[in-house]
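For reference, the structure discussed in these notes is given below.
In what follows, residues are counted from 1 in the order of the sequence shown. What you see is a predicted model; the values in this text were computed from it and never measured. We count ligands from 1, going down the list as the structure has it; atoms in each ligand are counted the same way.
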Amino acid sequence: MNKQPLIIFDTTLRDGEQSPGASMTQEEKVRIAIALEKMRVDVIEAGFAIASQGDFESVQAVAKHIKDSRVCSLARALDADIDRAAAAIKCANAPRIHTFIATSPIHMQHKLRLQPEQVIDAAVHAVKRARQQVEDVEFSCEDAGRSEIDFLCRIIEAAIKAGARTINIPDTVGYAIPELFGEMMHQLLTRIPNADQAIFSVHCHNDLGLAVANSLAAVQNGARQVECTINGLGERAGNASLEEIVMAVRTRQDVFSVDTRIDTRGIVPASRLVSTITGFPVQPNKAIVGANAFAHESGIHQDGVLKCRETYEIMRAEDVGWNKNKMVLGKHSGRNAFRTHLQELGVQFDSEDVFNQVFVRFKELADKKHEIFDEDLHALVSDIQKSEAVEVYKLTFLESHSNMGSVPHATVILSVSGEMKQASAEGSGPVDATFKAIEHIANSSTHLELYSVNAITRGTDSQGEVTVRLSLGGRVVNGHGADTDIVIASAKAYLDALNLLLVGAKAHPQNNGV
Ligand code: KIV
Ligand code: ZN
């Protein structure tokens with residue numbers, strides 16, 4: 001059967017970054033974009049250009065590097081947003097502006113304070129303005145899941161007439177139920193007279209755990225683009241997960257009349273990269289990319305799989321990129337091999353000095369851990385780039401003791417804006433003691449919201465990747481640290497979070513007045 005293309009629109013860098021604490025640096029965004037491009041993602045939403053100067057530059061950097069995927073910037077239905085988005089994606093090979101306005105009664109009345117007719121006028125104006133700058137314009141009806149179908153038909157018809165070539169139907173608050181959402185897509189496609197002039201898209205949030213089911217119901221009813229994120233990252237409970245959408249469609253080709261062009265072997269590496277960069281671990285039982293997704297525990301299952309894999313496996317682990325965890329470099333690797341490999345991963349250096357620092361750290365790591373994987377390199381580069389940024393607190397010494405039967409204690413020496421300070425503390429464990437010692441110096445009044453440790457690769461010589469979430473006066477930041485010693489990784493993550501709070505981590509893009 002001839003399959004129709006299903007466009008995969010990845011918004012990890014935009015909606016994914018709206019997860020509290022998931023902010024990424026420009027360089028990290030470029031690395032993720034390169035992984036998405038390698039996977040053959042059709043559209044990469046690189047950010048919300050007007051949100052901040054940093055967001056603008058990140059969208060610009062992604063636009064510059066990516067050649068095989070479309071690069072998109074989000075913009076509200078406002079002239080300034082659209083012009084900023086257009087400027088950020090100017091150098092993209094295939095640029096797209098994605099403009100949106102809310103269409104539900106509750107959003108129009110309470111958030112926008114606009115009459116429905118004014119909302120239609122704003123949408124038409126925005127689409128026309130975007131079309132003056134790029135060919136490829138997408139229009140989204142924010143909170144479409146709670147919008148009235150008659151109004152949606154009117155505004156979408158007008159947006160298509162104004163030049164939108166993709167119409168996105170977001171379930172912004174994750175309220176939809178698959179059968180009803182599928183029916184909504186069907187109604188829109190049959191009732192809107194010019195529906196055949198646009199691709200219809202879905203963008204579902206996971207508040208009820210139904211984002212993937214709702215997206216697939218819409219696909220079954222004619223949607224031909226799905227907006228999704230790696231690991232289902234995204235605002236609140238997240239977005240539909242890219243890996244689940246792609247593998248559902250690929251695995252059930254008997255059911256779907258569509259297919260994507262995704263190279264699924266890039267899925268697990270991309271999942272690991274996003275997890276390492278954001279510090280959001282993947283739950284072990286997560287479909288496709290969780291550590292247990294292909295692990296069989298029960299004897300009956302193991303026996304079945306050994307006799308015939310298909311008895312209990314509907315997908316092949318290697319098809320989604322498992323087992324690709326191969327050693328890439330070791331302690332004997334030279335500068336050239338190291339440089340070339342990092343270039344392949346999309347890592348760029350501002351100067352030869354920074355490269356030299358990374359190389360020294362790589363050699364130190366290779367001494368402790370003989371096999372170095374891509375995941376190790378990503379963690380190492382993110383770690384170094386952090387210390388390149390403005391740091392108030394820097395770890396210069398750490399000693400921790402924990403013996404059975406005695407109280408664990410730790411001593412730290414921190415450089416605080418260049419001045420050395422030392423403190424010791426006891427705690428319930430070496431990490432607790434280390435955090436208390438740091439707090440004797442910092443006295444930050446922050447609240448520890450989350451502490452998590454994750455092994456980057458297999459084996460006891462793996463680097464531990466630690467996330468520390470701190471809050472202060474309503475602000476929440478995630479700090480990250482990686483090291484083969486998890487107490488050191490924990491101290492680095494704690495200090496990273498403190499530094500982020502002190503230098504003012506980027507505000508949530510939709511909270512800073514835009
Ligand atoms: O969830 C949503 O409605 C969005 C839009 C901006 C597309 O993210
Ligand atoms: Zn969203």
Side-chain angles (χ1 to χ4, degrees), residues 7-20 22 43-51 55 59 70 72-78 81-82 84-85 88 96-108 110-112 119 122-123 126-127 130 136-147 151-152 155-156 159 164-176 181 184-185 188 198-212 214-215 218 223 225-242 245 508-514:
I7 297 167
I8 295 296
F9 175 117
D10 181 279
T11 182
T12 306
L13 302 180
R14 198 276 298 170
D15 217 325
E17 204 199 19
Q18 287 177 211
S19 306
V43 187
I44 298 172
E45 188 162 56
F48 191 5
I50 200 158
D55 281 69
V59 176
R70 296 195 158 270
C72 169
S73 174
L74 186 66
R76 288 167 304 174
L78 296 172
D81 279 43
I82 289 164
R84 196 78 174 136
R96 173 180 291 190
I97 294 177
H98 174 192
T99 184
F100 73 99
I101 194 163
T103 52
S104 62
I106 188 167
H107 275 231
M108 290 192 289
H110 297 289
K111 188 181 85 172
L112 299 176
V119 172
V127 170
D136 184 1
V137 173
E138 170 170 336
F139 171 68
S140 277
C141 309
E142 191 190 11
D143 204 17
R146 293 189 298 171
S147 301
F151 182 64
L152 281 180
I155 196 167
I156 291 171
R165 288 296 163 260
T166 302
I167 296 295
N168 184 39
I169 309 300
D171 179 24
T172 304
V173 291
Y175 182 69
F181 198 59
M184 181 188 238
M185 184 56 71
L188 294 173
I199 300 275
F200 277 63
S201 164
V202 277
H203 173 114
C204 296
H205 280 270
N206 207 29
D207 299 67
L208 294 174
L210 293 170
V212 170
N214 284 326
S215 305
Q225 174 177 287
V226 175
E227 301 195 356
C228 44
T229 57
I230 301 288
N231 299 338
L233 199 67
E235 184 89 50
R236 304 182 310 281
N239 289 62
S241 104
L242 179 146
I245 298 282
H508 187 296
Q510 289 181 348
N511 271 352
N512 64 353
V514 298

Worksheet item: With a 3.5 Å cut-off and no angle check, do the side chains of T172 and D143 form a donor-acceptor pair?
Response: no
Worksheet item: With backbone taken as N, CA, C and O and side chain as the heavy atoms from C-beta onward, which portion of D15 lies under 4.0 Å from ligand 1: side chain, backbone, both, or neither?
Response: side chain
Item to complete: Determine, step by step, whether I169 and I156 satisfy the side-chain contact (heavy atoms from CB on, under 4.5 Å) criterion, reporting the C-alpha distance in whole Å, the side-chain angles of both residues, the deciding distance to 0.1 Å, and the verdict.
Response: CA-CA 10 Å; I169 309 300; I156 291 171; 3.7 Å; yes
Fill in: Contact (N/O only, under 3.5 Å) between S140 and ligand 1
no
Worksheet item: For N168 and ligand 1, does the shortest N/O to N/O distance drop below 3.5 Å?
Response: no
Worksheet item: Of all the atoms in ligand 1, which lie at a distance below 4.0 Å from a heavy atom belonging to E142?
Response: 3 (O)
Fill in: Salt bridge E142-K111, side-chain N to carboxylate O under 4.0 Å
yes
Fill in: Interatomic distance, I44 atom CD1 to S73 atom OG [nearest 0.5 angstrom]
13.5 Å
Worksheet entry | Proximal ligand 1 atoms for H205, defined as those under 4.0 Å from one of its heavy atoms | 1 (O)
Discussion item. Any atom of ligand 1 sitting under 4.0 Å from a heavy atom of H98?
Written reply: yes
Fill in: Full working for side-chain contact (heavy atoms from CB on, under 4.5 Å) between C228 and I8
CA-CA 7 Å; C228 44; I8 295 296; 4.0 Å; yes
Worksheet item: Heavy atom of R14 under 4.0 Å from ligand 1?
Response: yes
Practice prompt. Could you tally the protein N/O/S atoms lying less than 2.8 Å away from the Zn ion (ligand 2)?
Written response: 3
Discussion item. I'd like to know whether H98 forms a side-chain contact (heavy atoms from CB on, under 4.5 Å) with L74, so could you lay out the CA-CA distance, the side-chain angles of the two residues, the decisive distance to 0.1 Å, and finally the verdict.
Written reply: CA-CA 5 Å; H98 174 192; L74 186 66; 3.4 Å; yes
Worksheet item: Should the proximity of E235 to ligand 1, defined as any heavy atom under 4.0 Å, be assigned to the side chain, the backbone, both, or neither?
Response: neither
Item to complete: Check the pair R70 / E138 against side-chain contact (heavy atoms from CB on, under 4.5 Å), numbers first and verdict last.
Response: CA-CA 12 Å; R70 296 195 158 270; E138 170 170 336; over 6 Å; no
Discussion item. Would you compute the distance between atom CG of L242 and atom OG1 of T11 and round it to the nearest 0.5 angstrom?
Written reply: 11.0 Å
Worksheet item: Can you tell me how far the CD1 atom of I230 sits from the CG atom of L13, to the nearest 0.5 Å?
Response: 9.5 Å
Worksheet entry | Minimum heavy-atom distance between T229 and L233, given as atom pair plus value | OG1-O, 2.6 Å
Worksheet item: Less than 3.5 Å between some nitrogen or oxygen of H203 and one of ligand 1, yes or no?
Response: yes
